[in-house]
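Here is the naming used below: chain letters follow the sequence lines, and residue numbers restart at 1 for every chain.
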Amino acid sequence: MSKIHLETIEKMDIKSFQQDLISWFEREQRNLPWRNERDPYKVWVSEIMLQQTRVETVIPYYNRFIEQFPTIDALAEADEEKVLKVWEGLGYYSRVRNLQEAVREVKEVYGGKVPDTREEIASLKGIGPYTAGAILSIAYGVPEPAVDGNVMRVLSRILTIWEDIARQATRKIFEEAVRMLISHQNPSYFNQALMELGAMICTPTSPSCLLCPVREHCQAFHEGVQENLPVKTKKKKPKNVQLAAAVLTDQDGNILIHKRPSSGLLANLWEFPNTEINLTIKNDKQQLSQFLKSEYGADTIIREPIGQIEHVFSHVVWNINVYKGTILNNLKQNNDLRLVSPDHLKEFAFPVSHQKMFMQFLESKGKTL
DNA sequence: TAACCGTGGCA
DNA sequence: TTGCCAAGGTT
């Protein structure tokens with residue numbers, strides 16, 4: 001870490017800072033489901049769910065997930081299909097596929113006990129530097145840094161660190177700072193308190209400095225520059241992709257669904273058949289019909305459009321034209337291609353955009369009846 | 001290093 | 001409406 005930050009820390013009363021921070025956390029912390037016990041598995045599940053995801057969003061997912069898979073054994077033995085179904089709508093689906101793979105490794109390699117060293121725990125799928133530190137400190141009381149976006153924002157202000165927190169390498173600077181600041185008496189509360197402070201007081205815009213328990217220790221507050229920190233470069237716009245999709249029924253009223261590949265966007269989720277549209281040709285129905293024939297061997301009639309859907313991801317935006325249609329021939333089903341009754345669809349995990357497609361399909365049926 | 005990987009809420 | 005975000009990890 002640079003000399004400037006070191007000098008700022010050396011001027012701090014670290015014991016006083018720890019006490020002000022931790023006593024505030026003991027007083028003001030939110031009562032969250034995963035704070036009721038220190039089961040390393042439950043801490044683990046909560047930390048994976050909370051990656052890039054708001055607390056209020058996670059709470060119901062966490063409760064359902066622990067109810068369905070209360071132990072490492074339960075998750076290790078579950079079908080991936082059922083695991084994805086519980087995760088449906090939470091996003092970043094590789095998180096839960098990695099979690100299940102890692103839980104199986106804990107069973108086989110570590111006798112079912114979550115390891116308690118950074119090296120071992122960080123070697124598990126889906127556990128990076130932040131999550132390793134979070135599990136170690138919260139579940140095992142090990143004084144390891146757990147540097148997330150909150151911690152970088154809070155400490156960038158307290159220590160006036162002007163490094164770009166969008167850069168991956170910057171995290172190491174904050175980890176060094178935490179190693180110098182962390183309470184060895186209560187590493188769990190120290191780390192959680194930094195994050196809680198970031199979530200409740202030291203917010204990205206308009207931080208509530210007058211309510212802050214550690215404002216006396218905050219260099220940015222003293223200089224009046226808290227609104228200028230942290231430094232974070234902008235990310236670029238996602239690109240647009242035009243798709244055409246179809247909710248297709250056969251003569252028995254069954255609906256055609258397809259399982260996405262096991263890597264990449266929305267891996268292993270189910271979808272209604274769809275293809276990217278070449279805008280220079282701009283005949284949706286014809287391109288869709290040709291795709292269905294070549295990809296699935298399906299002879300189809302694409303009928304009227306039933307809606308349009310925009311699906312915004314981090315790096316791409318799907319603009320989907322949705323049609324209804326009919327399958328004319330007998331299709332050979334396999335692991336990735338299934339004809340299922342409408343009532344059966346709820347057992348498959350779909351991305352949000354495809355859930356909306358089925359809603360549009362039901363609405364279009366209501367109109368024609 | 002930067003791109004990839006979801007979703008919903010909010011200013 | 002648009003951009004930005006929210007307890008990151010993998011490639």
Side-chain angles (χ1 to χ4, degrees), chain A residues 25 29-30 32-35 43-62 84 87-99 101-102 121-135 137-139 145-155 164-172 174-175 178 188 191-200 202-206 230 232-241 260-269 271 309-318 349-356:
Chain A
F25 182 68
Q29 66 167 298
R30 292 167 291 179
L32 303 174
W34 46 89
R35 285 181 174 163
V43 173
W44 185 2
V45 170
S46 71
E47 292 301 340
I48 299 298
M49 284 190 171
L50 286 163
Q51 289 171 4
Q52 300 290 286
T53 311
R54 286 186 161 77
V55 165
E56 313 82 65
T57 304
V58 166
I59 290 173
Y61 280 93
Y62 174 82
L84 279 173
W87 205 269
E88 181 185 51
L90 195 54
Y92 288 136
Y93 298 93
S94 67
R95 288 185 295 176
V96 76
R97 296 193 306 119
N98 287 336
L99 175 61
E101 184 178 337
I121 202 169
S123 75
L124 296 167
K125 275 282 179 60
I127 299 187
Y130 162 74
T131 306
I135 296 173
S137 60
I138 297 171
V147 174
D148 69 340
N150 285 311
V151 172
M152 288 197 283
R153 181 172 61 257
V154 169
L155 290 185
D164 179 4
I165 68 166
R167 294 167 48 84
Q168 217 171 305
T170 302
R171 197 199 63 255
K172 293 186 191 302
F174 289 90
E175 286 176 346
V178 171
S188 168
N191 280 341
Q192 291 187 75
L194 276 183
M195 293 187 276
E196 190 81 346
L197 190 70
M200 307 303 295
C202 196
T203 47
T205 59
S206 330
K232 189 175 185 181
T233 54
K234 296 173 185 171
K235 39 188 137 181
K236 60 178 201 177
K237 274 196 203 172
K239 64 174 181 182
N240 282 287
V241 174
R260 295 177 59 82
S262 58
S263 66
L265 189 62
L266 304 168
N268 281 3
L269 268 65
E271 64 183 359
I309 291 170
E310 181 183 69
H311 191 159
V312 180
F313 300 88
S314 310
H315 59 295
V316 66
V317 178
W318 284 352
F350 289 89
V352 167
S353 54
H354 287 250
Q355 297 176 39
K356 290 177 182 171

How would you label the contact of A:Arg35 with the nucleic acid (heavy atoms, under 4.0 Å): base, sugar-phosphate, or nothing?
base
Ordered by number, residues from residues 46-57 of chain A within less than 4.0 Å of DNA chain B (heavy atoms) are A:Gln52, A:Thr53, A:Arg54
Can you give the donor-acceptor pairs under 3.5 Å from side chains of residues 47-58 of chain A to other protein atoms, not counting sequence neighbours?
{"residue": "A:Glu47", "atom": "OE1", "partner": "A:Tyr130", "partner atom": "OH", "Å": "2.6"}
{"residue": "A:Gln51", "atom": "NE2", "partner": "A:Thr131", "partner atom": "OG1", "Å": "3.0"}
{"residue": "A:Thr53", "atom": "OG1", "partner": "A:Met49", "partner atom": "O", "Å": "3.3"}
{"residue": "A:Thr53", "atom": "OG1", "partner": "A:Gln51", "partner atom": "O", "Å": "2.8"}
{"residue": "A:Thr53", "atom": "OG1", "partner": "A:Arg95", "partner atom": "NH1", "Å": "3.2"}

Rounded to whole angstroms, how far apart are CD1 on A:Ile59 and P on C:dA6?
17 Å
Qualifying residues under side-chain hydrogen bond (donor to acceptor under 3.5 Å, both in side chains), relative to A:Gln29, sequence neighbours excluded
none
Whole Å only: how far is the NZ atom of A:Lys172 from the P atom of C:dG8?
17 Å
Residues passing the ring pair (Phe, Tyr, Trp, His ring centres under 6.0 Å) test with A:Tyr61, sequence neighbours excluded, are none
If I take atom CE in residue A:Met152 and atom C1' in nucleotide C:dC5, what distance separates them, rounded to the nearest angstrom?
14 Å
Just call it for A:Gly198: base, sugar-phosphate, or nothing, with non-hydrogen atoms closer than 4.0 Å on any strand.
nothing
With sequence neighbours excluded, residues passing ring pair (Phe, Tyr, Trp, His ring centres under 6.0 Å) with A:Phe25
A:Tyr189
Determine the interatomic distance between P on C:dT11 and the same-named atom on B:dG6; round to the nearest Å.
13 Å
A:Arg95 CZ - C:dG9 C1' separation (whole Å):
10 Å
How would you list, by chain and number, every residue that makes a side-chain hydrogen bond (donor to acceptor under 3.5 Å, both in side chains) with A:Ser188, sequence neighbours excluded?
A:Gln192
Counterpart residues, side-chain contact (heavy atoms from CB on, under 4.5 Å), relative to A:Val312 (two or more places apart)
A:Glu310, A:Val317
Hey, which sits more toward the 5' end of DNA chain C by its nearest nucleotide, A:Lys125 or A:Thr203?
A:Thr203
Per nearest nucleotide of DNA chain B, the residue lying toward the 5' end, A:Ala169 or A:Val316, is A:Ala169
Which heavy atom in A:Ser262 sits nearest to a heavy atom in A:Arg97, and how many Å separate them?
O-NH2, 3.2 Å
Can you list the residues that meet the side-chain hydrogen bond (donor to acceptor under 3.5 Å, both in side chains) rule with A:Ser46, with sequence neighbours excluded?
none
Whole Å only: how far is the NZ atom of A:Lys232 from the C1' atom of C:dC4?
8 Å
Nearest whole Å is fine: how far is C:dG8 C1' from A:Asn98 CG?
12 Å
Describe the nucleic acid contact of A:Arg97 in one word from base, sugar-phosphate, nothing, applying a heavy-atom distance below 4.0 Å.
nothing
Shoot me the first and last contacting nucleotide of DNA chain B against chain A, ordered 5' to 3', at under 4.0 angstrom to non-hydrogen atoms.
B:dT1 to B:dG8
Those residues at least two apart in sequence (or on a different chain) that pass side-chain hydrogen bond (donor to acceptor under 3.5 Å, both in side chains) with A:Thr205 are none
Could you pull out the protein-nucleic contacts involving nucleotides 1-3 of chain C (nitrogen or oxygen on both sides, under 3.5 Å)?
{"residue": "C:dG3", "atom": "OP1", "partner": "A:Lys237", "partner atom": "NZ", "Å": "3.3"}

For A:Arg260, all residues meeting salt bridge (charged side-chain N to carboxylate O under 4.0 Å, His left out), sequence neighbours excluded:
A:Glu271
Looking at every strand, decide which applies to A:Trp318 at a 4.0 Å heavy-atom threshold: base, sugar-phosphate, or nothing.
nothing
At less than 4.0 Å, is any side-chain N or O atom of A:Thr205 found next to OP1 or OP2 of C:dC4? Yes or no.
no
Going from CE on A:Met152 to CZ on A:Arg171, what distance comes out if it is rounded to the nearest 0.5 angstrom?
8.0 Å
Mind calculating the distance between CG (A:Leu265) and P (C:dT11) to the nearest angstrom?
16 Å
Spacing of A:Leu194 atom CG and A:Phe174 atom CZ [to the nearest 0.5 Å]
11.5 Å
Give me the distance, rounded to whole Å, that separates B:dC5 from C:dA6 when you measure between the C1' atoms they each carry.
15 Å
Between A:Thr233 and A:Ala122, which is nearer to the 5' end of DNA chain C once each is assigned its nearest nucleotide?
A:Thr233
